[in-house]
2 protein chains.
Amino acid sequence: MPATIRDVARASGVHISTVSRTFSAPHLVNPETRVRVLACAEDLGYRPNRAARALITGRTHNIGLIVADIANPFFPPLIKAAEGQARHRDYHVFVADTNEDPVAEEELVHALAKQVDGVLLCSPRMSNSLIEQVSREVPVVVINRQVTGLPCVMMDVGQGARLAVEHLLALGHRRIALLGGPRGSWTNREMRRAAGAATRAGGADLTVLGPNPPTETGGGAAAEQVRRSGVTAVLAYNDLQAIGLIEGLDALGLRVPADVSVVGVDDIALSRLTRPKLTTVATPTAAAGRTAVDMLLQHDSEGPRGARGRSAAAGDRRTTAQVMLQTELVVRDSTGPVPPSGRDAPGA
Amino acid sequence: MPATIRDVARASGVHISTVSRTFSAPHLVNPETRVRVLACAEDLGYRPNRAARALITGRTHNIGLIVADIANPFFPPLIKAAEGQARHRDYHVFVADTNEDPVAEEELVHALAKQVDGVLLCSPRMSNSLIEQVSREVPVVVINRQVTGLPCVMMDVGQGARLAVEHLLALGHRRIALLGGPRGSWTNREMRRAAGAATRAGGADLTVLGPNPPTETGGGAAAEQVRRSGVTAVLAYNDLQAIGLIEGLDALGLRVPADVSVVGVDDIALSRLTRPKLTTVATPTAAAGRTAVDMLLQHDSEGPRGARGRSAAAGDRRTTAQVMLQTELVVRDSTGPVPPSGRDAPGA
DNA sequence: CCCGGAGCTGCAAAGGTTTGCAGCGAAGTA
DNA sequence: TACTTCGCTGCAAACCTTTGCAGCTCCGGG
């Protein structure tokens, strides 16, 4: 029932190949012919069949975006940015949610591989070697993780953690905890490394707690542990955890920031809405989404993926750039000077 | 380079049609042959080409999901549920974000129509007639809106609004405001109708304010208006607005719930994290996503869409069910008894 | 012994589009 | 005038899979 290229050809008195060219290579057809064809196409409500096009060109004009948990408010701005950028280049985005499960992640990426031109792996939980294997099957850009040999866009959470720790040191804190994130998270390792270095440099003490789920519940559940550890400040894996932790501490009778200071990471919209407003490390989430799409689509004139077309000898300069986006510290109300009494010295 | 059905056929010594059947109609092929074919396919890493399959069957095994704003925390749980349900039935989901723009919405649905088997229109902002037109091009299930003749899944916000108003009446409030949502929102109209009826029935007064954007900013911006209106309780269009409003009122020196009571709608995760915790109308978001997918895929054995296949005379029983999901009131801390001094009588 | 059916497999057309190649006329060059 | 070039168009193969039909073998019944 839907109009095909053939119907348009018949209606406008030209060959189907001319109609095809009208859409995919307009400069090759006579302007007069072109307007006629376009008019007929419009009339008949013709829309190119993407399956047929994909079949022959080998390119679907779709990209896959795999995230750990779409309900985590960190991701939607990234998804939104990626989607906008993709649409802008005439691509569409498949979003898939792995529920923080590495196995689901692998299955999904395979299921998607056949029907997209590339995949954005966002905060992947699977191993580097698995990612490399996947990248041989389909072009991949990794977000929030460093994998050598693959294009990556990262946010400098190391720097962010350092800034956060320095902020806490300046407020007089000497016993600081790092709330660990999920196992397998690159961000987690980076934060730990940087926070460790920064505390050492400041002559302070870093206690690492975790791993914990990157959720509000995960943060809340760690409250008791935090209390017992006797620290006066906590750097959480992300804002959600930080918010949950504040709730949890509150239930334990510890006030933020009077008794304990808390810093989050991500600067999700929510962090401005809680009381106290959250001091946090802002990550350029939207920029990351846009950049990743650009990197993936950089070579989209290269012709069919894995096709028997003329070799890509010249086009094979996949630069595999690795981009590190800067973060910054946003100081709000959840951090304050170390409590004078020093709750770490019960008798003092 | 990727293995095709032909390679598998050659490797296993059968005709391509047998390979095809091994995957799409296994019961038609001899068990021995089947295992041999499957083994070869596995060996060669064969994966069916979805474009080719789509070309001939007319079904892509993809569905589109169009939402107003993916960054609105109302949507992710719905998306997640829809995606899971779809995956469960071997479908994938395209998510598209319209930025609350009816024009973008229409463009998107058309762009998507050709490459999906159906579209979920979630909280659409476009007109009913446009939706009907779209539904002639591609199967549609509408979420959060009632369109006669089309399958819809709605959440009973009317009932929710009534419950909320009755709750406020029971607390002694007599001057109540309804914060309107975006123009074109069905939810908005339903709430207005139900809230109006409930206040009238309770001998109280309803002031309608708006329209306002369904965001935190939208709520915050309405704070001044709320103060001037002299009401003691507000029913917001959604939780985001409610939270923004609470912030805004706070900035104006009005405390919630001591001076003004506020009720939201949606029960997003966030509403449990703010202070005060939000009293709100809980909507069954995930259930809506699952139900919508089921309704869309109900007839997925019907054969090619818009094809010249045997007529769907018998299969044409698209029941076009309209499902109304129940809502419930969750009372938390943002509502309380009407202030004794009655701030509506400045001198009293 | 013949016929019919069941179970399985092969054959070939079809689906809508892209694209290298060839053909055509007109314009430009020698 | 003859030859080349250029701009445009038509031709037909190719992409990979599905599916109606026909054919084959094997078995059981009459």
Side-chain angles (χ1 to χ4, degrees), chain A residues 1-37 40-41 44-61 114-115 117 301-310, chain B residues 1-37 40-41 44-61 113-115 301-310:
Chain A
M1 197 59 160
T4 78
I5 212 176
R6 215 172 298 273
D7 301 322
V8 178
R10 199 170 320 125
S12 48
V14 299
H15 194 262
I16 58 164
S17 55
T18 302
V19 178
S20 172
R21 276 187 278 255
T22 304
F23 289 95
S24 47
H27 61 279
L28 289 182
V29 1
N30 186 312
E32 290 176 34
T33 321
R34 197 190 318 167
V35 302
R36 188 155 38 98
V37 170
C40 290
L44 288 113
Y46 167 75
R47 289 175 186 276
N49 180 323
R50 298 183 70 129
R53 180 178 288 183
L55 180 56
I56 184 161
T57 63
R59 336 206 72 242
T60 61
H61 266 236
K114 261 309 194 194
Q115 61 181 327
D117 296 339
S301 40
E302 262 178 23
R305 265 207 307 127
R308 66 250 124 263
R310 49 257 160 281
Chain B
M1 198 60 163
T4 80
I5 212 176
R6 212 172 301 272
D7 301 322
V8 178
R10 200 170 319 124
S12 50
V14 299
H15 193 261
I16 57 165
S17 56
T18 302
V19 178
S20 172
R21 276 187 277 255
T22 304
F23 289 95
S24 48
H27 61 279
L28 289 182
V29 1
N30 185 312
E32 290 176 35
T33 321
R34 196 189 321 167
V35 303
R36 188 156 36 99
V37 169
C40 290
L44 286 95
Y46 167 75
R47 288 174 188 277
N49 180 323
R50 300 183 71 128
R53 179 178 289 181
L55 179 57
I56 183 161
T57 63
R59 334 206 73 242
T60 61
H61 265 237
K114 261 308 196 195
Q115 61 181 326
S301 40
E302 263 178 24
R305 264 206 306 125
R308 65 254 125 259
R310 47 260 162 277

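Order of the sequence lines fixes the chain letters, A, B, ..., with proteins taken first and strands second; residue numbering starts at 1 for each chain.
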(request) Could you tell me whether the side chain of B/Arg6 reaches within less than 4.5 Å of the side chain of B/Arg10, counting heavy atoms only? (result) yes
(request) Round to a whole Å and report the spacing from CZ of B/Arg53 to P of D/dT17. (result) 8 Å
(message) Within the 4.0 Å heavy-atom criterion, would you say B/Val14 contacts the bases, only the backbone, or no part of the nucleic acid?
(response) sugar-phosphate
(message) From CD1 of A/Ile16 over to C1' of D/dA12, roughly how many Å is that when rounded to an integer?
(response) 9 Å
(message) Can you tell me which nucleotide in C/dG16, C/dT19, D/dC8 comes closest to the side chain of A/Pro31?
(response) D/dC8
(request) Rounded off to whole Å, could you give me the CG-to-P distance for the A/Leu28 and D/dC8 pair? (result) 8 Å
(message) Looking only at the side chain of B/Val29 (C-beta and beyond, no hydrogens), which of the listed nucleotides C/dT9, C/dT18, D/dT18 gets closest?
(response) C/dT9
(message) Classify A/Thr4 by what it touches in the nucleic acid, base, sugar-phosphate, or nothing, heavy-atom distance under 4.0 Å.
(response) sugar-phosphate
(message) Taking the minimum atom-to-atom distance to the side chain of B/Ile56, which one of D/dC16, C/dA14, D/dG10 wins?
(response) C/dA14
(request) Select one nucleotide: of C/dG10, C/dT17, D/dT9, the one nearest the side-chain heavy atoms of A/Thr18. (result) D/dT9
(request) Please report, rounded to the nearest Å, how far the C1' atom of D/dC16 is from the CG atom of B/Leu44. (result) 15 Å
(request) Provide, to the nearest angstrom, the distance between the CZ atom belonging to B/Arg59 and the P atom belonging to D/dC16. (result) 24 Å
(request) Would you indicate whether the side-chain heavy atoms of A/Leu55 and B/Asn49 approach each other to under 4.5 Å? (result) yes
(message) Just N and O in the side chain of B/Ser20: are any of them under 4.0 Å from OP1 or OP2 of D/dT18?
(response) yes
(message) With a 4.0 Å cutoff (strictly under), does any side-chain N or O of A/His15 reach OP1 or OP2 of D/dT9?
(response) no
(request) Record whether the side chain of B/Arg21 comes under 3.5 Å of the base of C/dG10 through a donor-acceptor pair of N or O atoms. (result) yes
(message) Could you tell me how far apart A/Asn30 (CG) and C/dA27 (P) are, to the nearest whole angstrom?
(response) 13 Å
(message) I'd like to know if the side chain of A/Arg21 reaches the main chain of A/Val29, judged simply by a donor and an acceptor atom lying under 3.5 Å from each other, with no hydrogens or angles considered.
(response) no
(message) Rounded to whole Å, how long is the line connecting atom CG of B/Asn49 with atom P of D/dC15?
(response) 12 Å
(request) Check whether any side-chain nitrogen or oxygen of A/Ser17 sits under 4.0 Å from OP1 or OP2 of D/dA12, and answer yes or no. (result) no
(request) Rounded off to whole Å, could you give me the CZ-to-P distance for the B/Phe23 and D/dC16 pair? (result) 15 Å
(request) For residues B/Thr60 and A/Arg50, determine if any side-chain heavy atom of one lies less than 4.5 Å from a side-chain heavy atom of the other. (result) no
(message) Less than 4.5 Å apart, side chain to side chain, heavy atoms only: is that true for B/Arg34 and B/Val37?
(response) no
(request) Establish, with yes or no, whether the OP1 or OP2 oxygen of D/dC15 is under 4.0 angstrom from a side-chain nitrogen or oxygen of A/Thr57. (result) no
